[in-house]
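For reference, the structure discussed in these notes is given below.
Note that the structure is predicted; figures quoted are calculated from it, not measured. Throughout, numbering of the chain's residues begins at 1 and tracks the sequence.
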Amino acid sequence: MKTNNGGARSVAHVSPRQQLKVQRESGKPLASDALPLPVGLTNKIFMVLFFSASYYLMRRWRDKIRTSTPLHMLNLGEIAALILQVASFIYLIGFFGIDYVQNYINKSSDGPWDLDDVRQNIPAKCQAADETTRIPRPAVQLRGKSLGDNADADIASAVSDGTVPSYSLEGELGDCARAASIRRQAVELTTGRSLDGLPLTGIDYASILGQCCEMVVGYVQIPVGVAGPLLLDGFEFTVPMATTEGCLVASTNRGCKAIYQSGGATSVLLKEGMTRAPVVRFATAKRAAELKFYLEDETNFETLAVIFNRTSRFARLQDIFCVLAGRNAYLRFTSSTGDAMGMNMISKGVQNVLSYIQHLFPDMESISVSGNFCADKKATAVNWVEGRGKSVVCEAVLKGEIISKVLKTSVSALVELNMVKNLAGSALAGALGGFNAHASNIVSAIFIATGQDPAQNVESSHCITMMEAVNGGQDLHVSVTMPSIEVGTIGGGTQLASQAACLNLLGVKGANLESPGMNSQTLARIVAGSVLAGEISLMSALAAGQLVRSHMKYNRSNQNVAASVEMEVRAKNKEI
């Protein structure tokens with residue numbers, strides 16, 4: 001929790017009773033709602049019964065001691081008093097003070113499950129998302145019968161002319177593959193253009209619905225190659241890379257070979273925490289500052305952390321960093337998210353905290369759950385400096401003979417090139433997190449292969465590559481520092497069959513039940529290690545003047561262009 005060093009006064013701590021009042025006003029169910037009488041009155045009744053029964057029994061036992069009557073001999077009144085005393089004691093132990101503790105019950109009251117931390121345990125079904133929360137509507141009819149009883153061509157024609165909504169096909173037909181096929185036909189009818197060449201069969205469309213893509217008409221094939229073995233932290237990894245760029249996998253593989261023959265690479269996880277930064281507005285900047293001071297109070301942070309954490313089994317609030325822009329306040333929440341990348345998870349927790357704060361600051365206006373201070377899918381200084389997702393540094397010491405034999409260059413040439421290109425050249429370009437040769441190449445390829453969000457390549461590719469001569473100038477110390485690797489091994493595209501297979505190849509598929517979060521951390525380390533290998537190989541190719549020759553050798557565009565030209569000529573001849 002970041003503290004206020006400016007000496008400004010913070011808003012007074014909110015008492016447990018005030019917090020309970022806020023919870024009551026928010027309309028959330030309380031444990032005391034199960035009692036037949038108000039909890040305050042119930043507490044008083046049982047307290048009176050307890051002390052009355054205790055007083056009566058002590059009086060009776062005193063008389064028995066005086067008359068030498070055995071204490072275990074009880075009359076009906078004493079039995080009743082004893083029962084009342086025991087019952088009252090049990091109630092007071094279990095429920096007295098419930099007003100003060102029920103706000104801290106660490107159990108989510110906002111839904112039975114979290115999208116990210118248990119979705120992997122729920123089989124994907126071909127049904128509309130959140131069906132229980134939607135208003136029931138009559139089934140779509142076509143030609144006097146249910147939609148599914150019609151021929152595919154008739155349904156496609158109805159979709160094309162707008163009679164049947166395209167987005168409703170999966171829900172109406174109950175068959176995701178059939179829905180994709182009919183939608184594809186409808187698109188061809190509407191546009192007059194063929195989708196031949198776009199694969200349709202061979203993928204489980206049910207696993208896509210409600211999670212990965214909408215309005216599906218097929219899928220795109222991307223070649224997957226493997227680089228390695230990558231010797232990282234004492235383990236060997238075969239790294240899957242999905243790409244259409246020639247030389248990329250071969251180059252990364254060469255870097256892996258140089259690392260392996262030099263003894264391997266070492267990685268360190270520096271920091272972990274996904275972020276979400278809502279923006280709220282007040283009538284004055286003074287009121288916005290009061291919220292900032294409230295958030296910077298460590299006692300208040302503890303309360304907000306409880307409210308945030310109860311939304312998920314794995315979400316744990318680490319920090320709230322608040323900055324102002326006039327009367328607008330940007331609240332950057334940071335939370336651990338287990339093995340999930342965690343955007344859904346943290347957004348849910350943020351929404352709960354905002355609802356709580358709204359009752360403490362009723363004049364607060366919530367503008368957006370994301371105010372771009374997160375910052376997601378954008379190259380920003382806040383991610384470069386503060387980090388987002390996993391912050392990893394990976395290093396290796398390459399032996400001079402390996403650099404000469406495998407990489408075909410020298411230590412001095414690599415050091416000079418890194419200084420001139422990655423550091424000085426990037427500085428002249430005004431780079432933000434781009435002090436590297438081609439980190440985004442490797443990050444994108446691994447992201448696509450393992451089902452990550454490809455758009456998060458923007459901040460995940462933040463990287464600074466460092467090279468310096470060591471051991472008397474004989475060897476090379478090379479490292480990559482990547483502060484914003486955003487990966488997960490559950491949720492999103494990771495559950496698709498192809499992507500799950502690639503995660504399984506790396507040994508990080510799904511959630512780590514023994515140590516939650518370990519699989520996603522390992523994946524982040526692998527990304528950094530692969531980037532290290534890619535940087536080593538490309539920089540060596542540039543230093544040795546091999547880049548153009550390599551691309552010409554592995555680039556297949558010449559034959560592809562020739563084939564395309566030939567096909568176009570044949571098509572024109574047929575038209576003539």
Side-chain angles (χ1 to χ4, degrees), residues 225-241 243 245-268 392-423 425 435-443 445-446 463-482 505-506 525-556:
V226 292
L230 171 66
L231 182 56
L232 178 66
D233 300 323
F235 297 93
E236 295 183 6
F237 299 97
T238 299
V239 183
M241 301 174 66
T243 181
E245 179 181 350
C247 288
L248 179 59
V249 177
S251 177
T252 307
N253 187 68
R254 185 175 74 146
C256 290
K257 180 180 180 181
I259 292 173
Y260 193 101
Q261 294 186 3
S262 295
T266 304
S267 66
V268 179
V392 181
V393 60
C394 186
E395 64 181 348
V397 176
L398 302 182
K399 298 178 181 179
E401 59 268 25
I402 301 301
I403 294 175
S404 176
K405 180 180 178 181
V406 176
L407 302 176
K408 312 300 181 183
T409 186
S410 65
V411 172
S412 59
L414 286 173
V415 171
E416 181 182 15
L417 178 61
N418 188 69
M419 176 65 69
V420 175
K421 171 183 166 63
N422 287 344
L423 303 183
F435 297 88
N436 57 80
H438 69 149
S440 62
N441 251 338
I442 292 87
V443 172
I446 298 177
C463 171
I464 182 169
T465 301
M466 302 293 291
M467 295 183 180
E468 59 181 305
V470 294
N471 300 330
Q474 298 300 311
D475 302 327
L476 178 73
H477 180 277
V478 56
S479 67
V480 292
T481 305
M482 305 178 69
L505 177 64
L506 293 171
R525 293 171 183 265
I526 293 171
V527 170
S530 302
V531 168
L532 181 68
E535 290 288 279
I536 289 171
S537 185
L538 176 58
M539 292 294 286
S540 298
L542 291 171
Q546 301 169 335
L547 181 64
V548 175
R549 293 197 301 272
S550 297
H551 275 275
M552 292 303 294
K553 177 181 178 181
Y554 290 98
N555 192 341
R556 295 166 292 176

_V411: side-chain contact (heavy atoms from CB on, under 4.5 Å) partners, not counting sequence neighbours_ =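 V411: side-chain contact (heavy atoms from CB on, under 4.5 Å) contacts with I403, V415, A469, L476.
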
From [X] atom [atom1] to [Y] atom [atom2], the distance as rounded to the nearest 0.5 Å:
X	Y	atom1	atom2	answer
D233	R525	CG	CZ	5.5 Å
L232	C256	CG	SG	9.5 Å
L230	L532	CG	CG	8.0 Å
I259	K257	CD1	NZ	13.5 Å
M539	L407	CE	CG	11.5 Å
F435	L423	CZ	CG	7.5 Å

Taking the side chain as every heavy atom from C-beta outward, state whether [X] and [Y] have any pair of such atoms under 4.5 Å apart.
X	Y	value
C394	T266	no
M466	V478	no
V249	V226	no
S540	L414	yes
I442	I446	yes
M467	H477	no
S267	V393	no
P229	F237	no

Shortest non-hydrogen separation from [X] to [Y] and the atoms involved:
X	Y	result
A437	L538	CB-CD2, 3.8 Å
M482	A528	SD-CA, 3.8 Å
A258	L398	O-CD2, 3.9 Å
A541	R254	N-NH2, 3.6 Å

*Would T409 and S404 count as a side chain to side chain contact (heavy atoms under 4.5 Å, CB included) if you check the C-alpha gap in whole Å, the side-chain angles of each, and the deciding distance to 0.1 Å?*
CA-CA 5 Å; T409 186; S404 176; over 6 Å; no

Is there a donor-acceptor pair closer than 3.5 Å between any side-chain N or O of [X] and the backbone N or O of [Y]?
X	Y	result
D475	G400	yes
N436	A439	yes
S262	K399	yes
H438	G534	yes
S537	S251	yes
T252	L248	yes

*Around E401, counting heavy atoms of other residues, nucleotides and ligands shown, do more than 12 lie under 6.0 Å from its CD?*
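Counting neighbours around CD of E401, more than 12 heavy atoms of other residues, nucleotides or ligands fall under 6.0 Å, so yes.
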
*Is there a donor in the side chain of T465 and an acceptor in the side chain of E535, or the other way round, less than 3.5 Å apart?*
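Their side chains do contain a donor-acceptor pair, which is all the 3.5 Å distance test asks for.
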
